[in-house]
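Okay, so here's the structure we're looking at.
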Amino acid sequence: MLLLLVFVWGALWQDFSPGNLIFGAIIALVIVNLFPLPPVVLSGRLNLWYCVKLFAWFLGQVIAASVHVAWLAVVRGKQTRSSVIAVPLRTDSDLIVMTVGHVLTLIPGSFVLDVDRSSSTLYLHYIDVDSAREVEKARENIRDIERRLIMAIGSQDEYEAIKNECSPRVRRKKEQP
């Protein structure tokens, strides 16, 4: 973090002289101590198969969403409706919540407006949503992104919970009255 801040200082001043970088390091130390960031807790688990599947799925989503947004712009124009929706996530991991937000923002048609860390809720602007059914479908899509990320990089406990949630037996129990 300190090296990045020193680099940004030098880049902003367009001066990478030793004196300027030393002063940038002093400023960086002050900033890091006055405004500490919360620690990011890594799960220590990485499933390469699910990471590859996530990456391939993500590329497909970017292409499909780009075509969809272009179609909306050309065909519907100003008549396209959008919504601001709240999506409570199942995880309390800051890393997963942040990564879900980044994935959503990188896919055209959605943008994260706010994140409530205490409840792990994302507030999003979502394009081409004009009914309650479509809002629920959007929420399911976002929870699917969360599921994919947990399968790839989530903690072992989250992984097991998602795996059990996705098993056919558990799904049948949910559907029964």
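Quick note: residue numbers are just sequence positions, from 1. Values in this document were obtained by computation on a predicted structure and should not be read as measured data.
Side-chain heavy atoms closer than 4.5 Å link hydrophobic residues (I, L, V, M, F, W, Y) into clusters, and following such links, even through other members, never connects V135 to V84. The cluster map of Ile, Leu, Val, Met, Phe, Trp and Tyr, joined by side-chain heavy atoms under 4.5 Å apart, puts V8 and I26 in different clusters.
Residues S82 and H125 bring a donor and an acceptor atom of their side chains to less than 3.5 Å of each other. Between the side chains of D116 and S119, at least one donor-acceptor pair of N or O atoms lies under 3.5 Å.
Pairing each heavy atom of V6 with each of A25, the nearest pair is CG2-CA, 3.5 Å. Shown here for G10 and F16, the closest heavy-atom pair between the two residues is C-CZ, 3.6 Å.
Ion pairing between E165 and R90 holds under the 4.0 Å rule for side-chain N and carboxylate O. Ion pairing between D128 and R76 holds under the 4.0 Å rule for side-chain N and carboxylate O. With salt bridges taken as basic N to acidic carboxylate O contacts below 4.0 Å, one links E136 and R139.
Between the S83 side chain and the V129 main chain, a donor and an acceptor come within less than 3.5 Å of each other. Without hydrogens or angle criteria, N33 side chain to L29 main chain gives a donor-acceptor distance under 3.5 Å. Side-chain atoms of N164 come within 3.5 Å of backbone atoms of E160 as a donor-acceptor pair (strictly under, hydrogens ignored).
Looking at residues two or more places apart in sequence or on another chain, you find no salt bridge (charged side-chain N to carboxylate O under 4.0 Å, His left out) involving R45.
Taken from CG in L54 to CG in L59, the straight-line distance is 9.5 Å, to the nearest 0.5 Å. We find the CG-OG1 distance between L149 and T99 to be 6.0 Å, quoted to the nearest 0.5 Å. With values rounded to the nearest 0.5 angstrom, Y126 atom OH is found 5.5 Å from S110 atom OG. Between the CG atom of D130 and the CD atom of Q79 there is a distance of 12.0 Å, given to the nearest 0.5 Å. Rounding to the nearest 0.5 Å gives a distance of 8.0 Å between CG of L46 and CD1 of I153. Going from atom CD1 of I85 over to atom OG1 of T121 covers 12.0 Å, rounded to the nearest 0.5 Å.
Annotation: side chain of V115 is in contact with side chain of V97 (closest heavy-atom distance under 4.5 Å).
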Practice problem: Might you work through the side chain to side chain contact (heavy atoms under 4.5 Å, CB included) test for I96 and E158, ending with a clear yes or no? | Solution: CA-CA 11 Å; I96 299 289; E158 290 175 325; 4.3 Å; yes

